[in-house]
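We name chains A, B, ... by the order of the sequence lines, and we start the count at 1 in each one.
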Amino acid sequence: MGISKDKSIDDQIELIRRGAVEVISEDELRRKLITARDEDRPLRVKLGLDPTAPDIHLGIAVVLRKLRLFQDLGHEVIIIIGDFTAAIGDPSGKSKTRPQLSTEEIQTNAETYSKQYCQILEPERTKVVFNSEWLDRMTFSDVIKLTAKTTVARVLERDDFVQRLESNTSVGVHEILYPICQGYDSVVLKADIEMGGTDQRFNNLMGRDLQRADGQDPQVVLLMPLLVGLDGAEKMSKSLGNYVGIYESPNDMYGKLMSIPDELIFAYFELTTDVPLDEIHEMKFAFNNGELHPKVAKQRLAREVVSIYNHQDAAQSAEDYFERIHKDKELPDEIPEVKISPKNFTDGKVWIAHIIAESNFAQSSSEAIRLVRQGAVKLNGERITNDKARIEFQNDTVLQVGKRKFARLILSNT
RNA sequence: GGGGAGAUAGCGAAGCUGGCCAAACGCGGCAGACUGUAAAUCUGUUCCCUCAGGGUUCGGCGGUUCGAAUCCGUCUCUCCCCA
């Protein structure tokens, strides 16, 4: 398995550039690609993953899929699990100091990652390393020598810190070491290319500085945009809950994709599917002329994405399902069962708010009462408006809260 | 080491001449209407408790008082200025 020779360097660069925000620098990238081809030496493409949120979603997939492209072009991918750096907490894009993780948490998260990235990457061409391997072994004097290679002004020039300093928020000393750690990873691995989201710009550039200081050819930095999440506002992230996980069921995935705001449709096409750019531009043109209905465009998007992570026919059945539920307003096929404990029963009757709270559709019975008062609650399709209602409990009653939350109620025996 | 400012519900931010404060307002969240599932818009809601009532909150602890987010003491944390 050698370096791809059936694609011209220009074609390769075009593929690499798809969706990318910035390549630092394209000339260096070209040079590296040429050398790789001529010497038949794969490039070492690095990606650091922070093992904080273990579920891989479409946002991270944007970068992973680009790595897959490099593999397809014959290069080597190195995933760094930032187990050591996670203990520091990446300050990128954060307005606050991040909580530090325990080693056990990091370990479990890292394992989950390893299982999941195979969905996108070719396992046999992917090397996974933990940066504690070298960072943990450094002595204090090693650290001092390393930090001497950059300056405080350099580190403090990044936006996150500037903003935090200006807004009188604390910046921990350990946090300014973060980019240095990450940059040092590149030195140790002799990375040719480092991939990342735009929020990694500073960290990745630090890698170039440190590599240069070490006499290495600095890595090319390839930055992908941060995929905007389902809310259309914030970047997709697990903690914000605006994400689509690549391991989600086709139905969930499809449904979530149908809920993105219209403005995001084409960015999603570009970043999360393999639909050729020409075709995307045609759709966008038709969309702007009012010839292409947004819903139709989204359906295509949802089908494309679902079929990347599932079998072919999954997309179609997810679409049928979606139409049935949302257009025809039928009940979903699979309604999760929720066990209701009999402890709150009197004479076989339960207070409606108890059921809602027990189904986890409300955090407290106060919240449940509010939901009832707002007309959000239905039992077997019938709206309940009396918040004091006590209902006669029957197995298989379908509880609906809001538009999307369903549960089939089952009496538990405890 | 010295001087100063501050910590209020998920976030931001009022209140701080003691009672009318479960605490303004904005954002976010949730729900209803409207729709193409959304978004935008409008409306309601947003500590807990079977709730026309009750209970626990305003960094922690203790005190003054009939009564404290509001006054006093102390502790913890953060920021700024000077050295």
Side-chain angles (χ1 to χ4, degrees), chain A residues 93-99 161-173 175 228-237 239-242 244 250-268 287 290-303 305-306 318-332 343-347 349-378 383-391 393 399-406:
Chain A
K94 291 286 159 175
S95 49
K96 281 184 183 170
T97 303
R98 283 194 180 186
F161 288 151
V162 173
Q163 280 169 15
R164 278 162 65 181
L165 288 171
E166 277 174 2
S167 67
N168 293 347
T169 320
S170 67
V171 175
V173 174
E175 291 182 89
V228 177
L230 301 176
D231 55 3
E234 304 274 357
K235 71 167 181 174
M236 183 175 283
S237 86
S239 51
L240 293 172
N242 59 355
V244 183
N251 288 344
D252 285 346
M253 215 181 239
Y254 191 98
K256 283 188 175 183
L257 286 164
M258 288 301 282
S259 80
I260 62 169
D262 291 354
E263 311 81 71
L264 260 47
I265 297 175
F266 299 103
Y268 268 57
F287 174 81
E291 287 161 22
L292 177 63
H293 194 286
K295 191 185 175 191
V296 175
K298 274 201 227 179
Q299 285 175 315
R300 162 104 192 258
L301 172 68
R303 282 199 306 270
V305 176
V306 169
E319 183 160 305
D320 296 343
Y321 175 83
F322 183 85
E323 286 291 300
R324 233 178 38 249
I325 305 309
H326 294 281
K327 200 167 140 211
D328 308 330
K329 304 213 158 116
E330 284 179 20
L331 291 181
K343 68 168 186 253
N344 293 313
F345 282 45
T346 4
D347 303 332
K349 292 187 173 177
V350 220
W351 181 35
I352 182 73
H354 271 307
I355 296 184
I356 298 166
E358 261 196 85
S359 312
N360 277 325
F361 290 156
Q363 303 270 338
S364 62
S365 38
S366 298
E367 191 181 337
I369 291 169
R370 274 178 235 128
L371 288 167
V372 174
R373 285 181 184 161
Q374 289 172 137
V377 177
K378 286 182 188 169
R383 199 181 291 272
I384 308 286
T385 44
N386 175 11
D387 61 85
K388 290 187 179 117
R390 303 176 50 76
I391 58 146
F393 188 85
L399 168 69
Q400 180 182 359
V401 176
K403 289 189 179 88
R404 300 196 189 150
K405 286 168 279 188
F406 294 91

Both distances below 3.5 Å, Watson-Crick or wobble geometry, any strand: find the nucleotide opposite [N].
{"N": "B/rG59", "value": "B/rC75"}
{"N": "B/rC27", "value": "B/rG10"}
{"N": "B/rG1", "value": "B/rC82"}

Separation of [N] [atom2] from [X] [atom1] (nearest whole Å):
{"X": "A/Lys378", "N": "B/rA31", "atom1": "NZ", "atom2": "P", "value": "13 Å"}
{"X": "A/Lys405", "N": "B/rG29", "atom1": "NZ", "atom2": "P", "value": "13 Å"}
{"X": "A/His293", "N": "B/rU35", "atom1": "NE2", "atom2": "P", "value": "13 Å"}
{"X": "A/Asp387", "N": "B/rG53", "atom1": "CG", "atom2": "C1'", "value": "14 Å"}
{"X": "A/Glu358", "N": "B/rC49", "atom1": "CD", "atom2": "P", "value": "13 Å"}
{"X": "A/Phe406", "N": "B/rA31", "atom1": "CZ", "atom2": "P", "value": "12 Å"}
{"X": "A/Gln400", "N": "B/rA31", "atom1": "CD", "atom2": "P", "value": "11 Å"}
{"X": "A/Phe322", "N": "B/rG36", "atom1": "CZ", "atom2": "P", "value": "12 Å"}

[N] and [M]: how far apart are their [atom1] atoms, nearest whole angstrom?
{"N": "B/rG62", "M": "B/rA68", "atom1": "C1'", "result": "14 Å"}
{"N": "B/rC34", "M": "B/rG60", "atom1": "P", "result": "46 Å"}
{"N": "B/rC58", "M": "B/rG53", "atom1": "P", "result": "24 Å"}
{"N": "B/rG10", "M": "B/rC47", "atom1": "P", "result": "9 Å"}
{"N": "B/rC75", "M": "B/rA40", "atom1": "P", "result": "49 Å"}
{"N": "B/rG18", "M": "B/rC66", "atom1": "C1'", "result": "12 Å"}
{"N": "B/rA39", "M": "B/rG19", "atom1": "C1'", "result": "46 Å"}
{"N": "B/rA23", "M": "B/rC48", "atom1": "C1'", "result": "16 Å"}

May I ask you to decide if A/Glu367's main-chain N or O and A/Ser364's side chain share a donor-acceptor pair within less than 3.5 Å?
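Judged by distance alone, yes, a pair lies under 3.5 Å.
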Would you indicate what A/Lys256 reaches in the nucleic acid, counting non-hydrogen atoms under 4.0 angstrom: base, sugar-phosphate, or nothing?
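Here A/Lys256 touches no strand at all.
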What is the minimum heavy-atom distance between A/Ala368 and A/Ala357, and which atoms define it?
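So the two residues come closest at CB-N, 4.5 Å.
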Of all heavy-atom pairs between A/Ala297 and A/Leu292, which one has the smallest distance, and what is that distance?
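Shortest heavy-atom separation between A/Ala297 and A/Leu292 comes out as CB-CD2, 3.9 Å.
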I want to check something: taking the side chain as every heavy atom from C-beta on, are [X] and [Y] in contact at a cut-off of under 4.5 Å?
{"X": "A/Leu399", "Y": "A/Phe361", "result": "yes"}
{"X": "A/Ile369", "Y": "A/Trp351", "result": "yes"}
{"X": "A/Glu323", "Y": "A/Gln299", "result": "yes"}
{"X": "A/Asp262", "Y": "A/Lys298", "result": "yes"}

Toward the 5' end of RNA chain B, by each residue's nearest nucleotide, A/Ala376 or A/Val350:
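By nearest-heavy-atom nucleotide position, the 5'-most residue is A/Ala376.
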Under 6.0 Å between ring centres, would you say that holds for A/Tyr321 and A/Tyr254?
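Ring-ring flag for A/Tyr321/A/Tyr254: false, centres at least 6.0 Å apart.
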Could I get the full list of side-chain contact (heavy atoms from CB on, under 4.5 Å) partners for A/Ile391, not counting sequence neighbours?
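In terms of side-chain contact (heavy atoms from CB on, under 4.5 Å), with neighbours along the sequence ignored, A/Ile391 is linked to A/Ile355, A/Leu379.
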Answer with yes or no whether A/Arg390 presents, from its side chain, a donor or acceptor under 3.5 Å of a partner atom in the base of B/rU50.
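Such a pair exists between side chain and base.
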Going through the checks in order, is the side-chain contact (heavy atoms from CB on, under 4.5 Å) test met by A/Ile260 and A/Leu301?
CA-CA 11 Å; A/Ile260 62 169; A/Leu301 172 68; 3.6 Å; yes
Would you compute the distance between atom CZ of A/Arg373 and atom NZ of A/Lys388 and round it to the nearest 0.5 angstrom?
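It comes to 7.0 Å.
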Taking protein heavy atoms under 4.0 Å as touching, what does nucleotides 38-44 of chain B look like 5' to 3' if B marks base contact, S marks sugar-phosphate-only contact and - marks none?
B-----B
RNA chain B contacts made by residues 359-371 of chain A, counting heavy atoms under 4.0 Å:
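Per residue number, the list reads A/Ser364, A/Ser365, A/Ser366, A/Ile369, A/Arg370, A/Leu371.
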